[in-house]
Amino acid sequence: MGNSQFCQSITCPPDYSMNSLEIVTFVTGVLSMLSCIIIISTYCLWPYLQTTTRKLLVYLSIADYTVAACNAVGAICHNEIVCSSYGQTPGPGRDGIIQSAIGTYASSCSYFWTMFLAVYLYVMIVKSNSVLAERLLPVFHVVSWGLPAIEVGLAAWKGKLGCNGKAEITGGWCWIVLNSQDLRTDDVMWMLFTGKLWELIAYFVIFILYFRIKYHFRRERGKPGQLITRASYASAQYIDRKLTFIPIAFILLRMWGMIRFILYVADPMLIQCQGDIAQTGWLVYMQAIGDTAQGIVNCVLFCLLTNRVRKQWVDSCCGFCRTCCIQESSAGWTRGGSGRFNSSGRSGSSSPTPPLFDVE
């Protein structure tokens with residue numbers, strides 16, 4: 001019996017509902033989209049923050065925004081895409097194919113930009129070769145945008161994109177059309193080619209490169225003759241902690257989907273069509289959050305936990321509120337016929353010099 005018939009008979013009735021999973025995925029997706037907007041806005045609004053590192057982060061945020069949008073839409077529309085016509089329309093529908101193609105492309109782009117951000121920092125900090133780092137940027141673009149397009153194009157050409165079961169091994173969105181049991185090796189190969197292989201490579205690349213950067217940073221800090229002040233020591237500790245947290249955060253976010261993939265390879269009946277809800281249902285929710293929340297974590301790391309960025313946002317928000325209050329007061333004052341308002345009291349300090357390595 002094929003996997004789709006098995007799931008249809010026990011876990012995919014036409015009125016099946018995934019309300020709680022839909023809500024979790026949708027809320028996480030919306031928050032991640034807002035976080036990506038904050039990252040992109042930070043780069044666009046303040047020129048002194050327009051470093052190459054943050055430019056790479058913008059490219060990553062564009063991919064993460066698309067992933068979050070596709071996951072959110074795919075989750076809340078999954079019943080309409082799949083189960084409303086389950087058993088009536090063979091094969092994946094057009095909506096499922098479109099959502100799967102865009103989501104798969106953006107997810108692969110996100111893996112590559114995450115890796116290349118680590119590569120750039122490694123070349124700049126450990127190798128101290130800014131010329132090489134800048135020359136690598138065109139290569140980053142070709143690989144990050146081009147290779148995912150090739151993989152998605154081949155998968156679409158072979159008819160592998162879409163949905164034919166409830167959530168398959170995702171958090172509710174469409175990805176790969178699963179075949180019958182005798183073709184499971186083919187399913188696994190396409191899952192690897194359209195995401196899981198790049199995810200595995202990203203685990204190793206990110207962990208190794210950030211470990212090397214952290215080791216180099218500690219070694220340079222411990223050299224004899226280094227002038228250590230209380231402020232510089234606190235800043236060094238802060239950077240050291242962030243270099244530790246970045247790869248850990250990536251792995252913790254993505255590991256749940258990888259665990260479910262490994263479980264599917266070991267026993268597809270455990271995973272197919274949410275048949276694992278009774279045994280490993282918590283993994284589904286963790287994957288729905290982790291695969292969608294990359295933008296949230298990047299916003300926390302590179303905006304909320306970065307002192308100058310956080311201060312810039314706070315100052316801007318406070319300045320906006322202060323301006324609104326002054327304008328209201330000035331309007332009332334003008335109507336009273338007395339006094340003149342001078343709005344030149346806002347801070348006119350020059351923009352700070354951008355840092356060499358934007359990881360603080």
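Here the structure is a predicted model, which means the values were calculated and not measured. In what follows, every heavy atom counts, from backbone to side chain, and hydrogens, waters and symmetry copies are set aside.
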Go through the steps to decide whether Trp313 and Thr42 satisfy the test side-chain hydrogen bond (donor to acceptor under 3.5 Å, both in side chains), and finish with yes or no. CA-CA 8 Å; Trp313 275 107; Thr42 299; 2.8 Å; yes
When you measure from the side chain of Arg310 to the backbone of Leu304, do you find a donor-acceptor pair of N or O atoms at a distance under 3.5 Å? yes
Check for a donor-acceptor pair, side chain of Ser61 on one end and backbone N or O of Leu57 on the other, with a separation under 3.5 Å. yes
May I ask whether Leu56 and Val119 are part of the same hydrophobic cluster, defined by side-chain heavy atoms of I, L, V, M, F, W, Y residues being less than 4.5 angstrom apart, directly or through others? yes
Closest non-hydrogen contact found for Ala68 with Met33 is CB-CG, 3.7 Å
Heavy atoms only: give me the nearest Val24-Ala288 pair and the separation to one decimal. CG1-CB, 4.5 Å
So do Arg135 and Val123 actually touch side chain to side chain, heavy atoms under 4.5 Å? no
Gap separating the SG atom of Cys70 from the OH atom of Tyr65, nearest 0.5 angstrom: 10.5 Å
Please examine the side chains of Leu283 and Leu263, heavy atoms only from C-beta on, and report whether any two atoms are closer than 4.5 Å. yes
Centres of the His216 and Tyr122 rings: under 6.0 Å? no
Could you give the distance from SG (Cys299) to CD1 (Ile37), rounded to the nearest 0.5 Å? 10.5 Å
Can you hop from Met124 to Phe211 via hydrophobic side chains spaced under 4.5 Å? no
Between Thr194 and Trp175, do the side chains contain an N or O donor and an N or O acceptor separated by less than 3.5 Å? yes
I need the Thr292 OG1 to Asp64 CG distance, nearest 0.5 Å. 10.0 Å
So does Val67 get a backbone contact from the side chain of Ser107, meaning a donor-acceptor N/O pair under 3.5 Å? no
Exam field: side chain Arg254 to backbone Leu200, donor-acceptor pair closer than 3.5 Å: no
Consider only side-chain heavy atoms of I, L, V, M, F, W and Y, link residues closer than 4.5 Å, and tell whether Tyr210 and Leu136 are in one cluster. yes
So which atom in Met115 and which in Ile201 form the shortest heavy-atom distance, rounded to 0.1 Å? SD-CG2, 3.8 Å
Looking only at the side chains, is there a donor atom on one of Tyr285 and Thr25 sitting less than 3.5 Å from an acceptor on the other? no
To the nearest 0.5 Å, what is the distance between CE (Met191) and NZ (Lys160)? 8.0 Å
Mind running side-chain contact (heavy atoms from CB on, under 4.5 Å) on Trp173 and Val73 for me, showing each step along the way? CA-CA 8 Å; Trp173 50 88; Val73 172; over 6 Å; no
Within one Ile-Leu-Val-Met-Phe-Trp-Tyr cluster: Ile251 and Leu60, side-chain cutoff 4.5 Å: yes
Decide yes or no for Tyr59 and Trp145: does some side-chain heavy atom of the first lie under 4.5 Å from some side-chain heavy atom of the second? yes
Rounded at 0.5 Å granularity, tell me how far OG1 in Thr52 sits from CG in Leu117. 11.0 Å
CG on Leu253 to CZ on Phe250, rounded to 0.5 Å: 8.5 Å
Contact check, side chains of Trp256 and Phe261, non-hydrogen atoms, under 4.5 Å: no
Does the side chain of Asn307 reach to within under 4.5 Å of the side chain of Lys311, using non-hydrogen atoms? no
Under 4.5 Å between any side-chain heavy atoms of Ile246 and Phe302, yes or no? yes
Run the side-chain contact (heavy atoms from CB on, under 4.5 Å) check on Gln50 and Lys55 step by step: do they pass? CA-CA 7 Å; Gln50 293 176 359; Lys55 184 185 295 185; over 6 Å; no
Is there side-chain contact between Tyr264 and Val188, with at least one heavy-atom pair below 4.5 Å? yes
Short side-chain donor-acceptor distance under 3.5 Å, Asn71 and Asp291: no
Give me the ring orientation class for Trp113 and Phe116: parallel if the planes are under 30° apart, tilted from 30 to 60°, perpendicular past 60°. perpendicular
Closest heavy-atom contact between Ala72 and Gly29? CB-CA, 4.4 Å
Contact between Ile39 and Cys303 at the side-chain level, heavy atoms closer than 4.5 Å - yes or no? yes
Evaluate side-chain contact (heavy atoms from CB on, under 4.5 Å) for Arg54 paired with Val309, printing each intermediate quantity in order. CA-CA 11 Å; Arg54 289 200 170 270; Val309 178; 3.3 Å; yes
In this structure, would Val152 and Ile62 fall into the same cluster of hydrophobic residues linked by side-chain contacts under 4.5 Å? no
Looking at Gln99 and Cys174, would you say the former's side chain and the latter's main chain have a donor-acceptor pair under 3.5 Å? yes
Parallel, tilted or perpendicular: which describes the rings of Phe193 and Trp190, with under 30° parallel and over 60° perpendicular? perpendicular
Any side-chain donor near an acceptor of the partner, Tyr111 and Glu199, under 3.5 Å: yes
Could you tell me if Ser32 and Gln294 have a donor-acceptor pair between their side chains, going purely by distance under 3.5 Å? no
Any donor-acceptor N or O pair under 3.5 Å, side chains Gln312, Tyr48: yes
